[in-house]
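First up is the structure itself, then whatever we jot down about it.
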Amino acid sequence: MTDVVTEDDGQSVTDHVDRLRGQWARELPDLDTEVMAIFGRAKRLSNLIGPSIEATFAAFGLDRGEFDVIATLRRSGPPYRLTPTELYTSLMLSSGGLTHRLDRLEKAGLIRREKAPRDGRSVHVVLTQEGAARAEQAFRADMANERRFLEPLDAQERQMLAGLLRKLIAGIEAGC
């Protein structure tokens with residue numbers, strides 16, 4: 001059924017997923033719900049921290065998708081320029097979804113579109129100075145915000161969790 005964790009003071013720790021698994025164990029005792037212990041918690045974690053992340057970006061006049069675009073350009077390094085194809089591939093978006101974001105960011109002065117020097121039919125998306133500054137400020141605030149969610153874990157636990165998640169994701173990306 002559930003894996004009960006105990007704190008250093010001997011108190012057991014349960015969460016929302018433990019309660020759900022307990023209900024399923026009662027209703028369908030033959031069904032193994034171990035996967036809920038992992039994927040249910042991943043979904044719950046995303047739901048719990050998502051609003052705080054959105055609020056952090058909103059403080060900089062951005063939504064998460066807009067931040068993703070300017071952050072991708074910023075972390076690409078100088079000259080902070082990518083083609084729309086490079087952007088939507090990196091962001092795992094459709095080209096139409098990216099176009100809408102680029103329109104809003106261009107209107108806000110955070111990016112500009114330039115014709116490619118060698119091929120006037122191609123376009124590059126370039127991060128403006130204001131866009132670079134906004135991306136960095138928002139990212140610093142986001143990292144500080146998200147760090148507080150990790151306070152229940154010590155450094156060794158954070159490293160172990162990150163390693164296990166990396167291993168799981170790499171296996172899934174490789175097709176198990």
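- When every heavy atom of R148 is checked against every heavy atom of S52, the shortest pair comes out as NH2-OG, 3.2 Å.
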Between L62 and L105, does a side chain to side chain contact (heavy atoms under 4.5 Å, CB included) hold up when you go through it step by step?
-> CA-CA 9 Å; L62 301 165; L105 291 167; 4.2 Å; yes
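- In terms of heavy atoms, V123 sits closest to P84 at O-CD, 3.2 Å.
- No more than 12 heavy atoms of other residues, nucleotides or ligands lie within 6.0 Å of CD in Q159, so this atom counts as exposed by the packing criterion.
- Shown here is I49, whose CD1 atom has more than 12 heavy atoms of other residues, nucleotides or ligands within 6.0 Å.
- Atoms CD1 and CD1, on I70 and I111 in that order, are 10.0 Å from each other to the nearest 0.5 Å.
- Transitive grouping of hydrophobic side chains (ILVMFWY, heavy atoms separated by less than 4.5 Å) keeps V126 and L87 in distinct clusters.
- Inter-residue side-chain proximity for S90 and R75 is flagged as met; some heavy-atom pair is nearer than 4.5 Å.
- Tracing side-chain contacts under 4.5 Å through hydrophobic residues (I, L, V, M, F, W, Y), one reaches F57 starting from F149; they form part of the same cluster.
- Put simply, the side chain of M143 does not reach to within 4.5 Å of the side chain of R147, judged on heavy atoms.
- The two residues L110 and E130 have their closest heavy-atom pair at CD2-CG, 3.5 Å.
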Audit row: M160, D154, side chain to side chain contact (heavy atoms under 4.5 Å, CB included) steps and yes/no | CA-CA 10 Å; M160 184 181 351; D154 65 31; over 6 Å; no
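- Across T83 and E86, no two heavy atoms sit closer than the pair N-OE1, 2.8 Å.
- Between R26 and Q23, the closest side-chain pair of non-hydrogen atoms falls below 4.5 Å.
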Let me see the working for R41 and D18 under side chain to side chain contact (heavy atoms under 4.5 Å, CB included), right down to the final yes or no.
-> CA-CA 9 Å; R41 283 190 175 94; D18 288 325; 2.8 Å; yes
Please tabulate, for the side chains in residues 166-176, all donor-acceptor contacts under 3.5 angstrom to protein atoms that are two or more places apart in sequence or on a different chain.
none

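- Exactly one of T89, L73, V125 qualifies for a side-chain contact (heavy atoms from CB on, under 4.5 Å) with L82. That residue is L73.
- Side-chain contact check for T56 and D142: no donor-acceptor pair (N or O, by modelled atom type) lies under 3.5 Å.
- E114 CD to H124 NE2: the interatomic distance, rounded to the nearest 0.5 Å, is 9.0 Å.
- Side chain of S46 to backbone of A42: no donor-acceptor contact under 3.5 angstrom is found.
- Annotation for F60: atom CZ counts as buried by contact number, over 12 foreign heavy atoms lying within 6.0 Å.
- Under a 4.0 Å N-O distance rule, the pair D15/R21 does not qualify as a salt bridge.
- Residue E66 forms a salt bridge (Lys or Arg N to Asp or Glu O under 4.0 Å) with just one option from R101, R134, R104, K107, and that option is R104.
- For the pair H16 and L20, the minimum side-chain heavy-atom distance is below 4.5 Å.
- The two residues L153 and L161 come nearest to each other via the heavy atoms CD1-CD2, 3.9 Å.
- Here the shortest heavy-atom pairing between T99 and R113 reads O-NH2, 3.6 Å.
- Expressed to the nearest 0.5 Å, how far CZ of F67 lies from OG1 of T72 amounts to 8.5 Å.
- The hydrophobic cluster containing L164 does not contain M36, counting ILVMFWY residues as joined when their side-chain heavy atoms lie under 4.5 angstrom apart, directly or transitively.
- Put simply, CZ on R19 and OG1 on T14 are 5.5 Å apart, with the number rounded to the nearest 0.5 Å.
- V35 and W24 fall into different hydrophobic clusters, where Ile, Leu, Val, Met, Phe, Trp and Tyr residues are linked whenever their side-chain heavy atoms come under 4.5 Å apart, directly or through other members.
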